[in-house]
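In what follows, chains are A, B, ... by sequence order, proteins preceding strands, each numbered from 1.
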There are 2 protein chains.
Amino acid sequence: MESIWARPEQAARGPRPAHSRAAVAAAAVRLADAEGIDAVSMRRVAAELGAGTTSLYRYLSSKDDLLDLMVDAVLREQPPPEPTGDRRSDLRTLADATRAVMLRHPWLAAVQASRPNIGPGSLHWMETWLTAVDGLGLDADEMLTAVGTLQLFITGAVLGELAVRASGFDMNRWMAEQGSYGDAIVAGDRYPRVAHVMREARGPHAGDRAERTFAQGVERILDGIVTG
Amino acid sequence: MESIWARPEQAARGPRPAHSRAAVAAAAVRLADAEGIDAVSMRRVAAELGAGTTSLYRYLSSKDDLLDLMVDAVLREQPPPEPTGDRRSDLRTLADATRAVMLRHPWLAAVQASRPNIGPGSLHWMETWLTAVDGLGLDADEMLTAVGTLQLFITGAVLGELAVRASGFDMNRWMAEQGSYGDAIVAGDRYPRVAHVMREARGPHAGDRAERTFAQGVERILDGIVTG
DNA sequence: TTCCATTGCGAGCAGTGTACGCAGTGGTCT
DNA sequence: AGACCACTGCGTACACTGCTCGCAATGGAA
């Protein structure tokens, strides 16, 4: 119910806690980085921390709280690049940095997409984003829209990139796995344009597509935001 | 391992199946629409279908298969709008239609983002997308990049919109819940720009932001794709 | 020194995905 | 027609999940 950021960490009385929110978050992040977000269960995190399973509930009140802490932990560890004043360049740098954090912690994009986070780490990033669009002649509302557009595109792009990467997606391997189904798509005339693109996409430079889609998408959006 | 689309539905011998893949998918979609994707468990779906729990595994080989079928079911039920030939208009219409399906089935965006789907329904949509960017002078690679940019933006935007909606996000209510933490953000000088935007965003027109962010984002991306 | 809020945590509950094995069914072949 | 056996539905069971409850131990405040 009540956000974890509104509750104090330290209690006034009683025995000293053996751990801390930060330590719990760090253990969870370590686990998620190494074995994926699905490996992050309360039992596994507790084990990683060297604590009893239900002891975690002394530091947070639900697994959702744990996810909030994880997101904030990585955003604090990797703070946003300092703005230089060149707005277009700053926004591009922020976009690249965001993508980099999300690729470094492959669970981050999905977790962030599914729940708004408003911890100190997120706020610092948000402050930097807003700084980068400040002075462009936008009112508060337009600033939010501009930053929102960029962030949403980044999230979508990285999610797609990771999904493809996670499934070990390789057009040639995939075609072989699909067998007759894949052949039917490429050979049949039911989806002629899909078939055409699939044949072309088998080329060797297919691996760079995610990178280029991202860069070009950011530029297109910047075109619309930074006029001049 | 092997995609469900590559396996035949009907067996040559033996008793007639009491259900079908389509019926299983329909039951799951009904459940997800009514109670959210978390309500979609094999037991619940089987109950909805009037079958034994593990009977489902006669129709699909894992829950992932079920998710694939669900995505394809709604994309078949709601096929893409026919292209008119006006490429910019067609792309805008496709973007709106995609957003509409995702809002109608709030679980769709998340499921689609986390796993590439290549069922007949997805392929029909993809074919239509490619049709809309055909004749713009793009090669196969650039077409994929253009469509990808749009789709990723749409996914990200809807995910954000749904996350905000799901948490019943209301800036005023939220501020009250956060108590001192929220006050500290808005009153303090640690995040001045965030504080400023938060104060402005409390206005009455805040509800339209998602819609406007989406529409503007699409236009910006179209600016970059449809030159002239 | 007493008090009691707070701690760590074992036991247990309701839920999950799915492997396995069994009885029954009904097309295919002799 | 009769036998075969691939296929069906599905009950049972297992290892896992998030989380509640209750209890003994701790240590700052009174």
Side-chain angles (χ1 to χ4, degrees), chain A residues 1-4 7-25 27-29 31-32 34-71 107 110-111 114-115, chain B residues 1-4 7-25 27-28 31-32 34-70 107 110-111 114-115:
Chain A
M1 173 108 309
E2 193 188 12
S3 152
I4 192 172
R7 270 168 299 147
E9 162 147 30
Q10 298 272 347
R13 298 231 285 273
R16 294 253 174 73
H19 311 282
S20 67
R21 279 182 191 172
V24 174
V29 167
L31 213 51
E35 304 184 38
I37 192 65
D38 283 350
V40 178
S41 73
M42 300 306 264
R43 276 166 246 257
R44 294 287 312 269
V45 171
E48 176 80 21
L49 196 66
T53 302
T54 56
S55 300
L56 293 188
Y57 287 90
R58 295 292 172 194
Y59 300 92
L60 30 89
S61 59
S62 71
K63 188 177 180 178
D64 280 354
D65 277 359
L66 178 59
L67 295 177
D68 283 341
L69 287 181
M70 290 173 67
V71 169
W107 46 270
V111 173
S114 65
R115 50 201 344 274
Chain B
M1 174 110 308
E2 192 187 13
S3 154
I4 191 172
R7 271 169 299 146
E9 164 147 27
Q10 299 272 345
R13 299 232 286 272
R16 295 252 174 72
H19 310 281
S20 68
R21 278 184 192 171
V24 173
L31 213 52
E35 303 183 39
I37 191 67
D38 283 349
V40 177
S41 72
M42 300 306 264
R43 277 167 245 259
R44 294 285 315 267
V45 170
E48 177 81 20
L49 197 67
T53 302
T54 55
S55 300
L56 294 188
Y57 287 89
R58 294 293 173 192
Y59 301 92
L60 30 90
S61 61
S62 73
K63 188 177 182 180
D64 280 355
D65 277 0
L66 178 58
L67 295 178
D68 283 341
L69 287 180
M70 289 173 67
W107 45 271
V111 173
S114 65
R115 50 204 340 276

Looking at CE of B/Met42 and OG of B/Ser62, how far apart are the two atoms once the value is rounded to the nearest 0.5 Å? 7.5 Å
Less than 4.0 angstrom between a side-chain N/O of A/Tyr59 and OP1 or OP2 of C/dT7, yes or no? no
Verify the contact: side-chain N or O of B/Ser55 to OP1 or OP2 of D/dC10, cut-off strictly under 4.0 Å; return yes or no. yes
Whole-Å distance, A/Lys63 NZ to D/dT17 C1', equals 8 Å
What is the distance, to the nearest angstrom, from the CZ atom on A/Arg43 to the P atom on D/dA15? 14 Å
Anything under 3.5 Å between a protein N or O and an N or O of nucleotides 23-29 of chain C, put it in a table, one pair a line.
none

Among C/dC9, C/dT16, D/dC19, which nucleotide has an atom closest to any side-chain atom of B/Ser41? C/dT16
Who are the side chain to side chain contact (heavy atoms under 4.5 Å, CB included) partners of A/Ala32, not counting sequence neighbours? A/Ile37, A/Val40, A/Met70, A/Trp107
Report the residues that fulfil side-chain hydrogen bond (donor to acceptor under 3.5 Å, both in side chains) with A/Arg115, sequence neighbours left out, ordered by chain and then residue number. A/Asp64, A/Asp68
Could you work out which one of D/dT17, D/dC19, D/dA13 sits closest to the side chain of A/Ser62? D/dC19
Tell me, please, which residues at least two apart from B/Arg44 pass salt bridge (charged side-chain N to carboxylate O under 4.0 Å, His left out). B/Glu35
When we call it a touch if two heavy atoms are under 4.0 Å apart, what does B/Ala46 touch: a base, just sugar-phosphate, or nothing? nothing
Listed pairs, N/O of protein and of nucleotides 21-23 of chain D, under 3.5 Å:
none

Could you pick out which residue, A/Ala18 or B/Asp64, lies toward the 5' side of DNA chain C when each is mapped onto its nearest nucleotide? A/Ala18
Kindly point out which of C/dT7, D/dC19, D/dT8 is positioned nearest to the side chain of A/Thr53? D/dC19
Which whole-number value in Å describes the distance from B/Asp38 CG to D/dC19 P? 12 Å
Residues A/Arg21 and A/Pro8: closest non-hydrogen pair is NH2-O, 3.4 Å
Whole-Å gap separating P (D/dC19) and CG (A/Leu60): 9 Å
Between C1' on C/dT16 and CG on B/Leu56, what's the gap in Å once rounded to a whole number? 14 Å
Quick one: closest heavy-atom pair of A/Leu49 and A/His19, and the distance? O-CE1, 3.6 Å
Please state how far atom CG in B/Leu66 lies from atom C1' in C/dT16, giving the value in whole angstrom units. 14 Å
Atom pair distance, as rounded to whole Å: OH in B/Tyr57 and P in C/dG21: 17 Å
What is the distance from atom CG of B/Leu69 to atom CD1 of B/Ile4, rounded to the nearest 0.5 Å? 4.0 Å
Salt bridge (Lys or Arg N to Asp or Glu O under 4.0 Å) pairs, two or more places apart, involving residues 48-63 of chain B: B/Arg30-B/Glu48
Rounding to an integer number of Å, can you tell me how far A/Met42 CE sits from C/dA14 C1'? 17 Å
What one should report as the nearest heavy-atom pair of B/Leu31 and B/Ala39 is CD2-O, 3.6 Å
Need one value for B/Val45: base, sugar-phosphate or nothing, where a base atom within 4.0 Å counts as base even if backbone is also close, heavy atoms only. nothing
